[in-house]
Amino acid sequence: MLIDIVTIFPDFFRGPLDYGIVRRAREAGLVTIAVHDLRAFAHDRHRTVDDRPFGGGEGMVLKPEPIFECIEAMGIAPRGGRQAAKHSVVLLSAQGRKFDQSVANELANMERLVLICGRYEGVDERVGRFLADRELSIGDYVLSGGELGAAVIVDCVTRLIPGAVGNDASTQQESFTTSELLAGDGPNSTCASGGLLDYPHYTRPADFRGMEVPEVLASGNHEQIRRWRRSTALEKTLRNRPDLLESVALSAEDKELLARSKGKQT
Ligand code: 9D3
């Protein structure tokens with residue numbers, strides 16, 4: 001997969017994409033990340049990429065010409081042929097649809113993905129309407145620009161490329177993996193899955209400054225461990241993300257475990 005990032009801060013991406021799974025995926029040739037300096041597509045002496053908003057108001061707006069010309073210079077399919085070519089052009093903006101794991105799955109099927117980073121007060125609307133295929137936000141908070149969003153999307157999408165993560169099963173069972181993808185591995189698996197938050201993890205020492213690991217985990221009783229993990233995953237989801245419980249199919253055992261934990265809530 002080829003990922004192109006269009007930004008006025010190309011140096012921003014020295015670092016965040018050079019670690020862990022993304023680094024290994026790049027080294028293995030599973031993904032190539034090309035960072036493009038938008039200012040290279042400005043025409044004037046001052047390499048201007050922004051201008052004042054029509055209609056007045058605060059701040060500056062990224063001009064359309066450098067962005068259109070940058071994408072046109074990259075050999076991206078025209079909008080009509082994007083689906084067939086498996087190319088996708090994404091504008092990162094605070095006004096976009098919210099990025100989530102199902103959007104990540106769609107983007108991971110592309111052969112080429114272009115991420116345009118917004119800056120200043122915004123991007124000329126014609127970029128979103130006539131050049132990009134979609135406009136994405138990474139969440140309901142105000143960032144200074146799209147660069148962090150692009151880094152988030154690169155990380156999330158790269159780890160979905162087959163071979164990028166050592167153990168294929170582990171990507172399939174993470175929190176937030178959509179339930180469709182979990183067909184064949186129902187909510188009774190030992191890993192928290194199917195849209196619940198993950199269960200708590202512990203490693204040695206068994207007693208750290210008097211903070212003890214739950215006894216059941218050292219019991220060797222795999223059925224009890226499975227029930228404890230499912231129960232704690234349900235509890236944690238109820239406490240931190242009750243919205244997730246609404247779109248998850250709970251088994252009879254889940255309902256029993258939840259009812260029991262609701263009785264002794266801390
Ligand atoms: C007056 C309204 N502005 C807030 C000060 C709107 C605004 C403009 C530009 C808000 C944010 C930005 C810059 N943000 C992004 O480009 C951005 C973003 C975000 O702010 N939140 C979540 N995801 C993203 S992706 C790009």
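The structure presented is a predicted model; accordingly, all values stated were derived computationally and were not measured. Counting starts at 1 for both ligands and their atoms, in listed order. Heavy-atom basis, side chains included; hydrogens, waters and symmetry copies ignored. One is the number of the first residue; the rest follow in order along the sequence.
Given atom 12 (C) of ligand 1, the protein heavy atom at minimum distance is L143 O, 3.7 Å. Nearest protein heavy-atom neighbour of atom 25 (S) of ligand 1: S93 N, 3.6 Å.
Short contacts between ligand 1 and S137, defined as distances under 4.0 Å to a heavy atom of the residue, involve ligand atoms 22 (C), 23 (N). Per-residue contacts place V142 under 4.0 angstrom from the following atoms of ligand 1 (heavy atoms of the residue considered): 10 (C), 11 (C), 20 (O). Within ligand 1, the atoms closer than 4.0 Å to a non-hydrogen atom of Y120 are 9 (C), numbered from 1 in the order shown. Near A94, the atoms of ligand 1 lying under 4.0 angstrom from a non-hydrogen atom of the residue are 10 (C), 11 (C), 15 (C), 17 (C), 18 (C), 19 (C), 20 (O), 26 (C). Interface atoms of ligand 1 facing G139, defined by a heavy-atom separation under 4.0 Å, are 21 (N), 22 (C). Annotation for ligand 1: atoms under 4.0 Å from non-hydrogen atoms of G146 are 16 (O), 26 (C).
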Intermediate values then yes/no, side chain to side chain donor-acceptor pair (under 3.5 Å), E69 and H43: CA-CA 11 Å; E69 286 173 30; H43 296 296; 2.7 Å; yes
Salt bridge (charged side-chain N to carboxylate O under 4.0 Å, His left out) between D243 and R241, intermediate numbers included: CA-CA 5 Å; D243 57 304; R241 292 294 307 277; 2.8 Å; yes
Worked verdict on D254 versus S251 for side chain to side chain donor-acceptor pair (under 3.5 Å): CA-CA 5 Å; D254 290 338; S251 67; 3.3 Å; yes
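If you chain together hydrophobic residues whose side chains sit under 4.5 Å apart, I161 and Y19 never meet in one group.
I3 pairs in a side chain to side chain contact (heavy atoms under 4.5 Å, CB included) with only one of the listed residues (L115, V114, T32), which is L115.
In summary, E27 and R23 engage in a salt bridge, as defined by a charged side-chain N under 4.0 Å from a carboxylate O. A salt bridge links E106 to R134: at least one charged side-chain nitrogen sits closer than 4.0 Å to a carboxylate oxygen.
Distances between N or O atoms of I138 and those of ligand 1 include at least one value under 3.5 Å. Here's the thing with Q95: none of its N/O atoms is less than 3.5 angstrom from an N/O atom of ligand 1. Note: an N/O pair closer than 3.5 Å links Y141 and ligand 1 by distance alone.
Contacts between E121 and ligand 1 below 4.0 angstrom, taking non-hydrogen atoms only, involve backbone and side chain alike.
Side-chain atoms of F68 and F41, non-hydrogen and from C-beta on, never get closer than 4.5 Å to each other.
To the nearest 0.5 angstrom, K236 atom NZ is 9.0 Å from D198 atom CG.
In this structure, G145 is part of the shell of residues with a heavy atom less than 4.0 angstrom from ligand 1.
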